[in-house]
Amino acid sequence: MSQSIPTPDGLPVLGNALAVGRDPFSYIEAATREHGPVFRVSIPGLSFVCYADPELVERALVTERDRYRKDPRELDLLGTLLGDGLLTARGESWERGREQVQPAFYPGRLREYANVMVAETERTVDGWHAGEHVDIHAEARDLTLSIVASTMFGIERVDETAVVARAADAITGRFEPSRIPVDVPLWVPTPTNRRFERAVGDLEAVIDRVLERRAGEAGGRSETDDPDLLSTLRSAAEAGALTEQDVRDQLVTMLLAGHETTAIALTYALALLATHPDEQERVLDEVREVDGDLSPDTPLPHTDRVVRETLRLYPPAYMLFRQTTTADTVAGYEVPEGTRIVLPQWGIHRDDRYYDDPLEFRPDRWTAELRAELPDFAYFPFGGGPRQCIGRRFALLELRLALATVLRSVRLEATSSTEFAPTPALTARPEGPVWLRVRR
């Protein structure tokens, strides 16, 4: 007979809801240490089993992935916004969409995007003034949105950045445990649900304007010369491989997911460097050594370690959700069919079984020896398996080039009001503005 899955102590009826709602990040860290590798979290309507071990994560995402699928409840909620975009599509629809989107992320295309990434970052930094306090999260969101607009949509900027930012706030807030101790259906007219529904409409309107803008530019542009993602998707629709709704779903997915998580990672990277000035100087020294020559091939080993360490400490997608399609036995425990599974990057990335002083920001920990010894899924900020984030290389390139471009022009300093604690929503975005001081 298999053992009963351990469950951290909770309250009658509410179970672990209050503890998770107060601070889910600390809760997952502590439960990973005390109850791993497998434990159950009991929340009314949202109970799940946590696989807090790299081998079990690999089992769910790779070796036994046929026993697991993306959580239908998450897909249904996100599907209200993203339709059959890559994050939410299933089966043949997902395979067809990935086939059409994949060329936008080929290595040759990434090389072309690099110049845009540098130029847009320079434009952002040029708007900062010495001594000014900037909300680096707001700046990072505008920057990454501009990069997506240019590289994916073929337009210079998305003018409606404030609309997209508000929509992203409303959408991620719908997933915030502290606001939803129980699973509230979308049809219940709570303030959070109303904001979510308005956000869906706002983003659809932005996509309408993007499509109109591109249609107006069509006379002076060949869709076959230097095609971007939008051109590729429109060509696929004309050939009958995609519907017009498929095109819209993929564009909404790229507009939202393509900038939000990268903006969060860039925010944490710059905030960590501002609070660790010695590390900031090392990045600057590295940029000086290459004489400001920034391209995909430019060697920036310490900058790369900073990016990797930031994504370890603050993975924007801090947990993945799956559901068992058949019963499975893991670490001696029987996990029934239909069980909601959580794969917690946040807890595993901060586990002292794999990292010395795991709560410390130490880019130099990323030696070749550590990377060789580390279990494959002790570090998985972009997920893994067939549904690993398609934009992984794009995001890593954007982060390294943006960091180097910012720091070759300015220094960023922490102030007495600098805070960058994460809030537990769909992503681990900062709870409020992240104020840093600019020094030329």
Side-chain angles (χ1 to χ4, degrees), residues 1-8 16 20 24-42 46-72 74 308-360 362 365-390 392 396 428:
M1 179 178 294
S2 62
Q3 308 173 61
S4 176
I5 298 174
T7 303
N16 308 120
V20 172
F25 299 108
S26 296
Y27 182 89
I28 289 295
E29 284 179 42
T32 297
R33 289 192 301 269
E34 296 169 17
H35 301 285
V38 179
F39 58 88
R40 184 182 300 278
V41 177
S42 177
L46 287 173
S47 295
F48 56 84
V49 171
C50 201
Y51 287 4
D53 181 89
E55 289 187 8
L56 302 185
V57 173
E58 185 172 22
R59 180 181 184 84
L61 296 181
V62 182
T63 57
E64 295 291 332
R65 64 179 180 270
D66 291 341
R67 294 177 178 266
Y68 297 83
R69 61 178 178 175
K70 294 200 77 170
D71 183 11
E74 180 190 27
R308 180 172 282 268
E309 179 71 345
T310 299
L311 293 173
R312 182 191 70 81
L313 268 176
Y314 294 97
Y318 58 100
M319 57 179 63
L320 300 179
F321 296 94
R322 291 294 186 268
Q323 186 184 66
T324 53
T325 58
T326 62
D328 197 6
T329 302
V330 294
Y333 300 106
E334 181 72 18
V335 181
E337 177 184 349
T339 301
R340 195 182 199 206
I341 305 298
V342 163
L343 312 174
Q345 288 101 316
W346 191 275
I348 293 174
H349 285 193
R350 291 167 170 242
D351 194 323
D352 59 12
R353 289 178 297 171
Y354 315 112
Y355 304 99
D356 294 333
D357 300 321
L359 303 186
E360 297 296 317
R362 284 175 37 196
R365 77 171 71 245
W366 290 102
T367 62
E369 291 75 19
L370 174 68
R371 295 180 66 172
E373 295 170 0
L374 206 61
D376 286 344
F377 283 86
Y379 180 82
F380 60 116
F382 296 97
R387 298 198 69 138
Q388 184 180 45
C389 175
I390 195 172
R392 179 178 65 89
L396 291 173

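One finds the OH atom of Tyr68 at 11.0 Å from the CZ atom of Arg322 (value rounded to the nearest 0.5 Å).
By the neighbour-count criterion of 12 heavy atoms within 6.0 Å, atom CZ of Arg353 is densely surrounded, having more than that number from other residues, nucleotides or ligands. Remark: Glu55 CD is loosely packed, at most 12 non-hydrogen atoms of other residues, nucleotides or ligands lying under 6.0 Å away.
Annotation: side chain of Val342 is not in contact with side chain of Val41 (no heavy-atom distance under 4.5 Å). The shortest distance between side-chain heavy atoms of Arg65 and Arg387 does not fall below 4.5 Å. Annotation: side chain of Asp53 is not in contact with side chain of Val330 (no heavy-atom distance under 4.5 Å). Contact annotation: the side chain of Pro6 never approaches that of Val38 to less than 4.5 Å [non-hydrogen atoms, C-beta and beyond].
Contact record, Thr329 with Arg59: O-NH2, 3.9 Å, taken as the closest heavy-atom pair.
In this pair, Phe25 and Trp346 present their aromatic rings tilted. The plane angle is within the 30 to 60° band.
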side-chain contact (heavy atoms from CB on, under 4.5 Å), that's the test. Do Phe48 and Asp71 meet it? Break it down for me. CA-CA 11 Å; Phe48 56 84; Asp71 183 11; over 6 Å; no
Discussion item. Set out, in order, the CA-CA distance, both residues' side-chain angles and the distance that settles side-chain contact (heavy atoms from CB on, under 4.5 Å) for Trp366 and Leu374, then state yes or no.
Written reply: CA-CA 10 Å; Trp366 290 102; Leu374 206 61; 3.9 Å; yes
task: Take His349 and Phe380, measure what ring-ring contact (aromatic ring centres under 6.0 Å, His included) needs, and give me the verdict at the end.
output: CA-CA 8 Å; His349 285 193; Phe380 60 116; 5.8 Å; yes
_Applying side-chain contact (heavy atoms from CB on, under 4.5 Å) to Leu396 and Leu311, what does each step give before you reach the verdict?_
CA-CA 10 Å; Leu396 291 173; Leu311 293 173; 3.9 Å; yes
*Trace of the side-chain contact (heavy atoms from CB on, under 4.5 Å) decision for Val49 with Ile5*: CA-CA 8 Å; Val49 171; Ile5 298 174; 4.0 Å; yes
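Using a 4.0 Å cut-off between charged side-chain N and carboxylate O, Arg362 and Asp356 make no salt bridge.
For the residue pair Thr326/Glu337, the side-chain donor-acceptor check at 3.5 Å is not satisfied.
In this structure, Arg365 contributes its side chain and Leu370 its backbone to no donor-acceptor pair below 3.5 Å.
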